[in-house]
Structure formats: C-alpha cells, structure tokens
There are 2 protein chains.
Amino acid sequence: MGTVTTTLSESDFAVPIEDRWFEDYVPGAVYEYGSITMTEEDILRFAGEFDPQSIHTDPQAARQGPFGGLIASGWHTCGVMMRLYADHYVSKVASLASPGIDELRWVRPVRPGDTLSLRTTVREARRSRSRPDRGVVHTGVEVLAQDGEPVLTMTAVNILLRRPGTAQDTTPR
Amino acid sequence: MGTVTTTLSESDFAVPIEDRWFEDYVPGAVYEYGSITMTEEDILRFAGEFDPQSIHTDPQAARQGPFGGLIASGWHTCGVMMRLYADHYVSKVASLASPGIDELRWVRPVRPGDTLSLRTTVREARRSRSRPDRGVVHTGVEVLAQDGEPVLTMTAVNILLRRPGTAQDTTPR
C-alpha cells in the first residue's frame with residue numbers, strides 16, 4: 001500500500017511515538033492523522049479475501065443493492081483505522097496489548113475514492129492497581145471521510161507501560 | 001487466499017445461505033464453520049499493510065516482546081472471522097447492513113500455524129417496529145483455535161429482510 005500518513009493538526013503529542021508512555025496519554029487530548037484513500041481496487045481485493053459479499057466484491061450487483069453501489073467492507077475500514085493508529089497514535093515502545101474494542105459502529109458507508117483520516121480522543125487513563133508498571137488507556141476513535149463526517153466510531157483500549165523510572169510512584173492519579 | 005471453508009457440525013441452517021431470511025435465525029441455534037490457517041506469511045502481509053507494529057511484522061523483535069513471538073494483528077483475526085461468517089452464516093440474499101459490533105475481545109493471541117474456526121450463536125432476533133419488511137439479529141461470535149478455545153469473541157448485529165410474503169404478518173414474535 002505504499003501509503004505515507006501524516007499528522008493533520010498542530011496539536012500532537014509533545015513526545016515522538018518512539019518515546020511515548022502511559023503518562024503521555026492525557027484525558028481530553030484530541031489528535032488528527034491522515035490520510036488513506038480507498039480505491040475500488042483496494043476494496044475488491046480486501047473483500048475478495050475477507051468479506052466476499054456482493055456489495056463489497058461485485059460493482060454491478062452492488063448497484064442494485066441496499067447502498068446503490070460498491071462499498072468497502074467494514075473490516076477494511078477498521079484496517080485503515082489501525083494503520084493510522086499504529087503509524088501515529090499508539091506508542092512504539094510502551095504498548096503491551098489491546099484487550100478489545102467497544103461500541104464499534106459503521107455509521108456511514110465508505111465508497112471508492114473516499115479519503116479517510118483518524119481522530120483520537122483520550123477518554124480515560126488509569127494506572128493498573130495490580131501491576132504498577134502499567135496503565136490502561138481508553139480512546140475514542142473516529143474515522144472521518146473527506147467531508148469531516150465520521151464513517152466509523154469505536155472505543156479502543158490499550159495497555160501501556162509507564163515511563164521508566166516512574167513505576168515506583170504509586171500516588172493516585 | 002484460495003481457502004475452502006466448510007460446515008463443521010451436523011447442525012446447520014435448514015435452508016441454504018442463498019435462501020436464508022430473518023425468520024431462519026432462531027435464538028439459541030449454534031453453528032460451527034471452519035477453517036482457515038494463519039501462516040506467518042499471511043500475518044506479515046496483513047500487518048505490513050494495516051497494523052505495522054513489531055509484534056505483528058518482525059519475528060525477531062516479537063520474540064523479545066510481551067507475547068514471546070510473532071502474533072497476528074487482532075484485525076486480521078477479525079478478517080478471518082468475517083470470511084467464515086460471509087461464507088456460511090450471513091444470508092446472501094437478505095442481509096441489508098451491519099450497524100456494528102459490541103464487546104469485541106481478543107482473548108488469546110493468534111500465532112503462525114493456528115487454525116481458526118467460527119462458532120455462531122443466535123442470541124436475539126426481533127422484527128423492526130418501523131420497517132415491517134426486516135428484522136435485527138444479534139449473534140454471539142467466537143473464533144476458536146484448533147484446541148477449541150476462543151481467541152476472539154464479539155456480538156455482531158445484522159439487519160436482515162424477512163422472507164418474502166411474510167412481511168404483512170405483523171403479529172408479535
């Protein structure tokens with residue numbers, strides 16, 4: 001996919017993604033990154049492998065379908081979301097795992113030619129009670145189309161290491 | 001991916017996927033389908049495009065990481081889930097859309113060589129109040145590894161057309 005993705009707003013983390021730890025995810029912070037354009041070829045290729053329903057694989061049949069044309073698999077949109085999230089948002093050094101996703105909603109169909117960007121909002125960051133070296137970050141995730149309206153929304157959860165040297169500090173935050 | 005996926009249990013829908021409507025999704029029904037094996041090559045290819053974190057893209061680095069080796073992107077596992085869901089479970093004629101997913105949980109890492117299957121449980125099926133030609137089906141989805149233990153769980157929601165000719169029957173169900 002030779003995609004080059006970029007920071008879209010002036011507000012970005014104070015620290016680069018290679019030196020970003022639990023403490024750097026501050027509730028209320030909003031960041032935007034982009035962009036990836038979904039071509040018809042990309043849509044057909046993804047769907048042929050992972051989501052072979054005619055609204056995603058057959059432009060002719062899709063024209064008669066509920067969306068009046070070909071649309072991307074919702075899981076393809078999730079993949080593009082993840083690409084932007086991994087390129088720009090989630091730490092390259094502190095990320096341990098993601099237990100899951102809540103309230104994933106495909107709120108608008110994605111069509112060939114749509115250019116997608118990512119908006120992340122840190123919703124909650126709390127230290128682990130049982131493991132003082134880490135914390136849990138909840139992020140509100142929106143994938144936006146070129147008109148700025150969301151096509152996908154979800155809440156992501158990430159487990160991140162605290163900045164080395166701070167793990168002994170167990171005062172409440 | 002030249003994958004051939006199959007019905008794993010004797011219990012399957014009474015009607016083929018090309019003639020399956022809202023009424024055919026009966027709460028309590030459980031079905032199993034499989035299987036897709038995740039090769040290291042598949043894992044690296046998917047992650048290179050959609051989830052370039054070293055635990056998914058770099059076998060050497062992953063060995064030092066939190067899982068002690070390369071694991072598949074959770075979104076790749078979602079893609080494999082969708083392939084089995086589209087091949088076997090969701091109607092090819094009645095499916096209108098999916099508004100989203102709830103409580104997606106990656107409960108165990110997926111490693112190269114793991115062979116995945118799908119278990120679906122119809123949890124709820126209710127007619128639309130506002131649109132008498134359709135209904136909403138909630139499905140408990142589990143992706144199982146070769147040992148029968150889940151690696152991914154979620155609740156999927158699908159909007160499906162009612163069987164043609166039944167749409168005037170608005171008695172409560």
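Any value given below was found using the heavy atoms of this structure, including those in side chains, with hydrogens, waters and symmetry copies removed. Throughout, protein chains are lettered first and strands after them, A, B, ... in sequence-line order, and every chain is numbered starting at 1.
- Ile159(A) is not connected to Met82(A) by any chain of hydrophobic side-chain contacts under 4.5 Å among Ile, Leu, Val, Met, Phe, Trp and Tyr, and they are in different clusters.
- Taking a 6.0 Å sphere around CD of Glu41(B), one finds it holds 12 or fewer heavy atoms contributed by other residues, nucleotides or ligands.
- Open room surrounds CD on Glu103(A); 12 or fewer heavy atoms of other groups in view lie less than 6.0 Å from it.
- No path of Ile, Leu, Val, Met, Phe, Trp and Tyr side chains, each step under 4.5 Å between heavy atoms, connects Leu144(A) with Val141(A), placing them in separate hydrophobic clusters.
- With rounding to the nearest 0.5 Å, the separation of CE in Met81(A) from CG in Asp51(B) is 8.5 Å.
- Taking the six-membered ring for Trp and the full ring otherwise, the centers of Tyr85(B) and Phe50(A) sit at least 6.0 Å from each other.
- Summarising the geometry, atom CG belonging to Asp102(B) is positioned 8.5 Å from atom CG belonging to Leu104(A); distances are rounded to the nearest 0.5 Å.
- Rounding to the nearest 0.5 Å places CZ of Arg105(A) at 8.5 Å from CD1 of Ile101(B).
- Cluster membership for Val151(B) and Val157(A), using ILVMFWY side-chain heavy atoms within less than 4.5 angstrom, is not shared.
- Within the 4.5 Å cutoff, no side-chain heavy atoms of Trp106(A) are placed close to those of Pro99(B).
- Listed by sequence position, Pro66(B), Phe67(B), Trp75(B), His76(B), Cys78(B) are the residues of residues 62-78 of chain B in contact with chain A, using a 4.5 angstrom heavy-atom cutoff.
- In this structure, no portion of Ser54(A) lies under 4.5 Å from any heavy atom of chain B.
- For Arg83(B) (side chain) and Glu49(A) (main-chain N/O), a donor-acceptor pair under 3.5 Å exists by modelled atom type.
- Only the side chain of Val90(A) comes within contact range of chain B, with heavy atoms under 4.5 Å apart.
- Closest approach of Pro52(B) and Lys92(A) over heavy atoms only: O-NZ, 4.1 Å.
- Both Tyr33(B) and Leu152(B) are members of a single hydrophobic cluster when ILVMFWY side chains are connected at heavy-atom separations under 4.5 Å.
- One hydrophobic cluster, built from ILVMFWY side chains closer than 4.5 Å, holds both Tyr89(B) and Phe22(B).
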